[in-house]
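Just below is one structure, and these are the notes that go with it.
For clarity, every value in this text was computed on a predicted model and none was experimentally measured. Residue numbers begin at 1 in each chain, while the letters A, B, ... track the order of the sequences.
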There are 2 protein chains.
Amino acid sequence: MVKLKDDKKITQIFQAALKLVAKKGLSGMTMGDISKEAGIATGTLYVYFTSKDELINALFAACRESSVQVSFKGYQPHTPFKPGFRHIWLNILRYKLQNFEESVFMEQCYHSPFITADTREKAQQLSAPFYQLIERGKKEQLIKNIDTGLLITFMIGTMNELVKQTHYSGITLNRSRVNTTFDLCWDALKA
Amino acid sequence: MVKLKDDKKITQIFQAALKLVAKKGLSGMTMGDISKEAGIATGTLYVYFTSKDELINALFAACRESSVQVSFKGYQPHTPFKPGFRHIWLNILRYKLQNFEESVFMEQCYHSPFITADTREKAQQLSAPFYQLIERGKKEQLIKNIDTGLLITFMIGTMNELVKQTHYSGITLNRSRVNTTFDLCWDALKA
DNA sequence: AATATAAGTGAATAAAAATTCATTTTAGCT
DNA sequence: AGCTAAAATGAATTTTTATTCACTTATATT
């Protein structure tokens, strides 16, 4: 046989895990839960991952990669800064809203014994494009001249909170509400 | 005998739990860990709390209460809005920086099966003064006319992120850095 | 000092969860 | 169709963790 381990099944496992974390938190998620939610046997999880630790690290890495990848989709580095920034901001917001469970999972992982230093390191490296973006804004004197890391944390933090707030309040983010919120963020960062 | 269960011991248990959550996450904290960290026997935990669930809920409630209590310390409702707002903002920031482990714990609790609806409800009720504060700012046309809940989430969210960023980067928040960050927040919220 | 009761202990038990593995099913290949 | 090896299974096992409880220690009251 040539068939290699099914990517579709890994996705299925990941989806199940995300769903459970959003519902019960990382601490309340067992391998039994995951398998049941994914509709497979517990043993099957161990065909794809050697341990719960590995499963969680793999999920963390996959989430991180996918979110960064989506963030810059359609971004034209040559267009003026503000519209470009806005484009990316909207990409991120859309992603976070559509993948709420992922946001929750990532937040929970931040302080957890599961994520290894190595996984963390690799995630950090993926932040480089965001740093470049903000640096450009600072160079063009459109963005406040404050530590870039701080500005990024601020920007991402506000989005996280906005997404949480939106999700729990049940308010739908129509175009005008999104605009207002972007202005909130832009007013904070702009020089 | 009249002596009632020692408040000092409860504090000791709480401190131990917070330390562990910050280090290993909520999911990695066992009753055994807590007792060892607190320097008491495992059984003693059950003298003070009927279960792990109860312990965590009690800690959550205590943290929430203490943070709200500190936030408004020294606030003069009669002084102009911006300095008053700034005063509270600084109270919160100071509190979060000095009680980093608590912030981590609260964040982790947000999505966890431990916190009961009742505990959550009571925590929410403590937010009323923040709502009043923002409402006042809106009435005086100093704060953007956006959903109050959103503005509060935004304000708190940015502080959380700032605190995380500060904690991990190892950068000390000197006076000027704090000022810049307050401006960041104020620029976002101001009308 | 004697007594009574609360507080504290930690080994023993029970409950929950992770992991293994002998076995069965599935899918590609000739 | 028959063969082969990967994939999947889930009951059994191991490991971890929460909880109990018979007992000891500390403390207030008389």
Side-chain angles (χ1 to χ4, degrees), chain A residues 1-60 105 108-109 111-116 119, chain B residues 1-60 105 108-109 111-116 119:
Chain A
M1 174 137 85
V2 185
K3 183 191 173 196
L4 69 169
K5 284 182 227 165
D6 200 345
D7 252 18
K8 224 182 272 180
K9 190 139 292 177
I10 288 183
T11 308
Q12 196 178 334
I13 293 169
F14 281 173
Q15 285 309 110
L18 288 176
K19 194 165 178 180
L20 288 167
V21 173
K23 209 194 318 183
K24 319 210 282 169
L26 196 54
S27 54
M29 179 186 70
T30 71
M31 294 298 262
D33 286 342
I34 298 174
S35 66
K36 215 191 303 178
E37 178 73 37
I40 59 179
T42 317
T44 309
L45 292 175
Y46 291 86
V47 172
Y48 291 88
F49 305 99
T50 62
S51 67
K52 188 182 181 183
D53 267 50
E54 197 189 271
L55 190 160
I56 291 178
N57 274 272
L59 178 54
F60 182 89
F105 171 73
Q108 297 259 320
C109 280
H111 293 275
S112 93
F114 295 113
I115 304 304
T116 64
T119 303
Chain B
M1 174 134 86
V2 185
K3 184 190 172 197
L4 71 169
K5 284 183 229 164
D6 201 345
D7 252 16
K8 224 183 272 180
K9 190 138 291 176
I10 289 183
T11 309
Q12 196 179 335
I13 293 169
F14 281 174
Q15 285 308 112
L18 288 175
K19 194 165 179 181
L20 288 168
V21 173
K23 208 193 320 183
K24 319 210 285 171
L26 195 55
S27 54
M29 179 185 72
T30 70
M31 293 299 262
D33 286 343
I34 297 174
S35 66
K36 215 190 305 178
E37 179 72 38
I40 59 178
T42 317
T44 309
L45 292 175
Y46 290 88
V47 172
Y48 292 88
F49 304 99
T50 63
S51 67
K52 187 182 182 182
D53 268 50
E54 197 189 90
L55 190 160
I56 291 178
N57 274 273
L59 178 53
F60 182 89
F105 170 74
Q108 296 260 319
C109 281
H111 291 277
S112 91
F114 295 113
I115 304 303
T116 64
T119 303

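- A:M31 places its CE atom 14 Å from the P atom of D:dT9, with the value rounded to the nearest Å.
- At least one side-chain heavy atom of B:I40 sits under 4.5 Å from a side-chain heavy atom of B:I13.
- Between the CD atom of B:E54 and the P atom of D:dT19 there is a distance of 11 Å, given to the nearest Å.
- Judged by distance alone, with hydrogens and angles left aside, the side-chain atoms of A:Q108 form a donor-acceptor pair with the main-chain N or O of B:H111 at under 3.5 Å.
- In this structure, A:K9 and A:V47 have side chains that are not in contact, with every pair of non-hydrogen atoms separated by 4.5 Å or more.
- Two residues are said to be in side-chain contact when any heavy atoms from C-beta on lie closer than 4.5 Å; A:I56 and A:F49 fail this criterion.
- The OH-P distance, from A:Y46 to D:dT9, rounds to 15 Å in whole Å.
- Side-chain atoms of B:A41 lie closest to C:dG10 of the nucleotides C:dG8, C:dG10, D:dA18.
- At the heavy-atom level, B:S51 lies under 4.0 Å from the strands shown only through sugar-phosphate atoms.
- Under 4.0 angstrom from either OP1 or OP2 of D:dA7 there lies no side-chain N or O belonging to A:Y48.
- When distances are taken from the side chain of A:T42 to each of D:dA7, C:dA17, C:dT19, the shortest belongs to C:dT19.
- Inter-residue side-chain proximity for B:M31 and B:L55 is flagged as met; some heavy-atom pair is nearer than 4.5 Å.
- One can place CE of B:M29 at 17 Å from C1' of C:dA17, the figure rounded to the nearest angstrom.
- Between A:I34 atom CD1 and C:dT19 atom P there is a gap of 11 Å when expressed in whole angstrom units.
- Distances shown here put a side-chain N or O of A:T44 below 4.0 Å from the OP1 or OP2 atom of D:dT9.
- If you measure from atom CZ of B:F114 to atom P of D:dT17, you get 12 Å, rounded to the nearest angstrom.
- Counting any heavy atom pair closer than 4.0 Å across all strands shown, A:L45 reaches no nucleic acid atom.
- Summarising the geometry, the separation between CD1 on B:I56 and C1' on D:dT17 is reported as 13 Å, rounded to the nearest angstrom.
- Rounded to an integer number of Å, the gap from B:K52 NZ to D:dT16 P is 15 Å.
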